[in-house]
There are 2 protein chains.
Amino acid sequence: MSTKCKNCPLRQHALFTKMTSDEVRFTQKFKKGELTIDAGTPLMMEGSNSPQLYTALSGMGIRYKTLEDGKRHVVNFVFPGDFIGLQAGVMNEMYHSVDAVTRMTLCVFDRKELWSFFRNHPERAFDLTWLAAIEEHFLGEALAAVGQRSATERIIWAFVRIFQRGTELGLVDQNRMPLPYRQQDLADALGLSLVHTNKTLARLRDRQLAAWSDGYLTINDLGRLAQEGDMTLEPLPTRPLF
Amino acid sequence: MSTKCKNCPLRQHALFTKMTSDEVRFTQKFKKGELTIDAGTPLMMEGSNSPQLYTALSGMGIRYKTLEDGKRHVVNFVFPGDFIGLQAGVMNEMYHSVDAVTRMTLCVFDRKELWSFFRNHPERAFDLTWLAAIEEHFLGEALAAVGQRSATERIIWAFVRIFQRGTELGLVDQNRMPLPYRQQDLADALGLSLVHTNKTLARLRDRQLAAWSDGYLTINDLGRLAQEGDMTLEPLPTRPLF
DNA sequence: CGAACTATTGACACCCCTCAAGACCCGTGG
DNA sequence: CCACGGGTCTTGAGGGGTGTCAATAGTTCG
């Protein structure tokens with residue numbers, strides 16, 4: 001998997017903004033290379049202490065926690081550009097697992113090198129904190145959705161956020177974007193049963209609000225969908241410029 | 001409210017570890033003072049962009065998001081030592097509100113000064129990121145609890161975490177700690193109705209597992225409680241030393 | 001002494017979960 | 001080629017956990 005890695009996320013994705021050429025040179029050092037893994041491969045495991053951090057270059061994954069009684073909660077869907085392993089980087093342990101859902105290619109970094117990088121480039125450390133704050137914001141919204149919204153509203157909430165994210169990433173074409181997960185994954189993310197999720201999806205499809213089948217999500221009128229789900233269509237948070 | 005502020009959290013709470021005397025001197029500069037507010041006072045508002053950050057010195061508060069349809073989700077209970085406003089500090093906006101539930105005294109910082117502080121003391125910037133990661137960890141666990149656990153299990157989960165936190169802060173005396181919230185607050189935190197929360201609390205009381213009344217939470221056997229709630233009694237995450 | 005707030009309890013309804021069975025798809029192996 | 005198994009999606013039936021409504025009691029405060 002050796003490449004020039006022109007589109008290494010260190011240059012372009014949200015984490016690193018306005019890098020100086022000196023910094024870019026520096027990053028070459030701790031980028032260890034690229035990694036490609038097949039669909040279904042576990043990338044990080046709850047309780048482990050991986051010395052590596054990743055950013056997703058392509059493909060999709062899933063982030064989840066496993067409860068004591070075996071139940072699973074899906075915390076997040078991993079999309080290209082996402083940073084993986086920040087927790088293990090800062091704490092000494094991962095508190096959720098990450099699996100590949102499709103074949104994925106990842107940028108690999110060494111944890112220790114990353115710290116020295118931030119030590120030498122304090123401006124960049126802010127980017128990391130910003131990333132963590134974004135995560136926090138998302139989790140807070142998810143918590144509120146799972147806690148307060150009905151099944152239909154939860155699914156609509158998830159679809160709207162996913163679609164916004166997909167638009168941002170250029171994955172949407174003709175009101176349609178790839179979403180290669182199982183209904184069970186969505187159910188586990190929203191705290192719903194598989195059966196009820198299925199029936200709710202069918203209802204959304206019948207009402208022409210959103211159709212998710214064969215790994216593709218189609219939404220013709222995002223505004224109408226959001227309205228049906230009692231949510232205002234705010235843009236995703238963006239990186240403030242200092 | 002002028003005081004010497006010997007126990008300013010900049011010196012002792014989790015955020016700042018092992019400060020050099022130089023750093024301590026520096027922090028004096030951006031600490032703007034102390035603030036005391038009465039019970040019920042809003043401290044930060046969703047959508048606002050407060051130029052101030054706080055850490056709670058004493059008293060308790062509540063962090064919540066308000067949904068479009070007026071429902072409220074309680075994200076977290078604010079205890080002494082907690083940092084308030086990190087999100088507004090990093091993003092340009094708060095995405096949840098914070099109210100005082102009892103009379104609170106707070107340490108006030110200036111947002112801008114804080115950034116320059118971290119710029120000049122990169123080691124300390126890591127502390128901030130660590131704080132954000134802790135928040136993320138907590139929210140992930142809350143999300144999984146609300147998504148996957150039954151009403152009884154959710155309440156047990158909340159009680160165990162609160163009691164652990166209280167123990168850490170030295171608030172527990174004779175298996176009893178102050179918890180000055182309403183049942184409605186807990187209900188809104190766990191995605192339950194007030195009535196069902198009340199009945200579940202009564203059942204826990206009858207079974208001698210946990211009693212919460214008159215603003216005090218009593219747990220005689222934390223291990224047994226955790227066991228009844230299908231959770232393993234792990235210690236709260238602690239700051240790794242580098 | 002009434003107003004406002006919170007806790008408590010009962011009755012009832014319904015959303016959502018569980019169980020179960022079938023359909024469809026795809027791989028593998030006989 | 002077809003049989004078979006595993007995985008996912010789909011649909012129906014029934015039950016239980018939880019929400020909603022409503023009324024009472026206790027407390028605080030003006």
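By convention in this document, chain letters (A, B, ...) are assigned in the order of the sequence lines, proteins followed by strands, and residues within each chain are numbered from 1. Because only heavy atoms are used, hydrogens play no part in the values below, and waters and symmetry mates are left out as well, while side chains stay in.
- No side-chain heavy atom of A:Leu179 sits under 4.5 Å from any side-chain heavy atom of A:Tyr216.
- Of the side-chain N and O atoms in B:Asn198, none sit less than 4.0 angstrom from OP1 or OP2 of C:dA7.
- How far CD of A:Gln183 is from CG of A:Leu194: 6.0 Å, rounded to the nearest 0.5 Å.
- Residue B:Leu209 holds its CG atom at 8.5 Å from CG of B:Asp221, rounded to the nearest 0.5 Å.
- In terms of position on DNA chain C, the residue among B:Leu201 and A:Arg154 whose nearest nucleotide sits closer to the 5' end is B:Leu201.
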Item to complete: Quick one: do B:Tyr181 and B:Phe77 satisfy ring-ring contact (aromatic ring centres under 6.0 Å, His included)? Show the steps, please.
Response: CA-CA 9 Å; B:Tyr181 299 91; B:Phe77 297 124; 4.3 Å; yes
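- Note: A:Phe83 and A:Phe109 have parallel aromatic rings, judged against thresholds of 30 and 60 degrees for the angle between ring planes.
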Fill in: Nucleotide pairing, DNA chain D (Watson-Crick or G-U, distances under 3.5 Å), in dot-bracket with [ ] and |
||||||||||||||||||||||||||||||
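- Nucleotide D:dT10 holds its P atom 13 Å from the CZ atom of A:Arg203, rounded to whole Å.
- In this structure, the nucleotide among D:dG19, D:dC9, C:dT8 sitting nearest to the side chain of A:Gln183 is D:dC9.
- Atom CD of A:Gln148 is separated from atom C1' of D:dT20 by 15 Å (rounded to the nearest Å).
- Contacts of B:Gly215 with the nucleic acid, taken as non-hydrogen atoms under 4.0 Å apart, are absent.
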Practice prompt. Determine, stepwise, if the pair B:Asp99 / B:Tyr64 fulfils side chain to side chain donor-acceptor pair (under 3.5 Å).
Written response: CA-CA 8 Å; B:Asp99 285 5; B:Tyr64 61 92; 3.1 Å; yes
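- The distance between atom CG of A:Leu190 and atom P of C:dC16, rounded to the nearest whole Å, is 12 Å.
- The CG-P distance, from B:Leu186 to C:dA7, rounds to 10 Å in whole Å.
- We find that CG of B:Leu194 is positioned 13 Å from C1' of D:dA22, with the value rounded to whole Å.
- Closest to the side chain of B:Arg205, out of D:dC9, C:dT8, C:dC16, is C:dT8.
- Between the base of D:dG17 and the side chain of B:Lys199 there is no donor-acceptor pair shorter than 3.5 Å.
- Distance from the side chain of B:Val195 is smallest for D:dC21 among the nucleotides D:dC21, D:dG19, C:dC16.
- One atom, CZ of A:Arg182, and another, P of D:dC9, lie 7 Å apart when rounded to the nearest Å.
- Taking atom CG of residue B:Asp206 and atom P of nucleotide C:dA7, one finds them 17 Å apart after rounding to whole Å.
- The side chain of B:His196 lies closest to D:dT18 when the candidates are C:dT18, D:dT18, D:dA22.
- The CG-P distance, from B:Asp188 to D:dT18, rounds to 16 Å in whole Å.
- The minimum heavy-atom distance between A:Leu106 and A:Ile84, with the atom names listed, is CD2-CD1, 4.0 Å.
- Backbone-only contact: B:Ser150 has heavy atoms under 4.0 Å from sugar-phosphate atoms and none from a base.
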